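Following: one structure in structure tokens, then a few remarks.
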Amino acid sequence: MSLVTLLPFIVLIGAMFLMTRSAKKKQQQAADMRNQMQPGSGIRTIGGLYATVKEVSDDTVLVDAGPGVELLFAKNAIGAVLSDDEYNRIVHGIEHDLKSDVVPDDASSLTEADEPAASDEKSVDLGKKDADDEVEEPSDAVAAEAKADDEPKKTDGDTDAK
């Protein structure tokens, strides 16, 4: 057999080796993470339950899920061991003091003035208006009334059409 015929098989075997190697590496990292659990650590189970570790044994973990609620889980059911800051943020809603690193959502903090802008200026309406909805200026309204008074008014019964 020639090398050209064996090349696809060699590539296939190499790809399978690399895929199993990365899967084993991930399993080893998960096992190390589970072995590093200590009482008092915050965890998330694979089902999404957040709790605090109370006791750790060889194959099981006793967790405190709330006042008077203790649950026994297999170690394989622990999805992640959380840092204290992350656990407090998720479970208790306590934010770590990183307010100085937060970028604001609007540009209001970029201006130098601390007090609000003066309300003397007329607000600009950016909405679209139809021709029927437009409001005439007062000077135009007065001129339109004067023009209407000059023209003869028609009544319902008086028509010049024959």
Side-chain angles (χ1 to χ4, degrees), residues 1-138 140-141:
M1 288 193 161
S2 69
L3 184 64
V4 176
T5 311
L6 293 176
L7 188 62
F9 293 112
I10 294 171
V11 170
L12 184 62
I13 291 170
M16 288 174 41
F17 173 73
L18 291 176
M19 288 189 319
T20 57
R21 183 176 171 211
S22 66
K24 284 182 182 179
K25 192 174 188 180
K26 286 181 183 179
Q27 287 176 350
Q28 184 62 36
Q29 288 176 344
D32 291 342
M33 179 257 323
R34 289 181 187 114
N35 289 332
Q36 291 175 357
M37 276 189 297
Q38 299 174 358
S41 300
I43 56 127
R44 180 183 65 234
T45 65
I46 58 173
L49 178 88
Y50 291 91
T52 305
V53 175
K54 228 176 163 183
E55 292 179 18
V56 179
S57 65
D58 292 337
D59 295 331
T60 60
V61 178
L62 182 67
V63 297
D64 182 20
V69 180
E70 292 180 354
L71 304 169
L72 186 65
F73 281 96
K75 269 192 175 180
N76 291 338
I78 306 302
V81 177
L82 306 172
S83 67
D84 290 338
D85 291 336
E86 185 178 7
Y87 182 78
N88 287 333
R89 180 182 59 82
I90 293 169
V91 176
H92 302 295
I94 300 171
E95 290 290 331
H96 188 63
D97 191 21
L98 295 176
K99 299 290 183 190
S100 61
D101 297 340
V102 176
V103 177
D105 290 340
D106 60 354
S108 63
S109 64
L110 300 175
T111 59
E112 294 296 325
D114 287 336
E115 62 265 349
S119 60
D120 299 348
E121 299 176 20
K122 184 178 178 184
S123 63
V124 177
D125 184 17
L126 300 176
K128 220 177 203 184
K129 292 183 179 179
D130 292 337
D132 299 337
D133 295 340
E134 290 182 13
V135 178
E136 295 180 2
E137 294 293 323
D140 292 341

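Just so it is clear, the model here is predicted, and its values are computed rather than measured.
Residues I43 and M37 form a side-chain contact, since some pair of their non-hydrogen atoms from C-beta on lies under 4.5 Å apart. Contact check for K75 versus V61: side-chain heavy atoms found under the 4.5 Å cut-off.
At a cut-off of 3.5 Å, with distance as the only test, no side-chain donor of D32 or Q36 sits close to an acceptor on the other residue.
Considering all non-hydrogen atoms of both residues, T20 and F17 come closest at OG1-O, 2.9 Å.
Under a cut-off of 6.0 angstrom, the local environment of CD in E55 is sparse, with at most 12 non-hydrogen atoms contributed by other residues, nucleotides or ligands.
The side chain to side chain contact (heavy atoms under 4.5 Å, CB included) test applied to V69 returns A65, L71, not counting sequence neighbours.
Looking only at distances, no side-chain donor or acceptor of T60 sits under 3.5 Å from a matching main-chain atom of S57. R44 contributes no side-chain N or O that, together with a main-chain N or O of L82, makes up a donor-acceptor pair within less than 3.5 Å.
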When the side chains of residues 45-54 are checked against the rest of the protein, which donor-acceptor pairs come out under 3.5 Å, sequence neighbours left out?
residue, atom, partner, partner atom, Å
T45, OG1, G47, N, 3.3
T45, OG1, G48, N, 3.4
T45, OG1, L49, N, 3.0
T52, OG1, Y87, OH, 2.9
K54, NZ, E70, OE2, 2.1

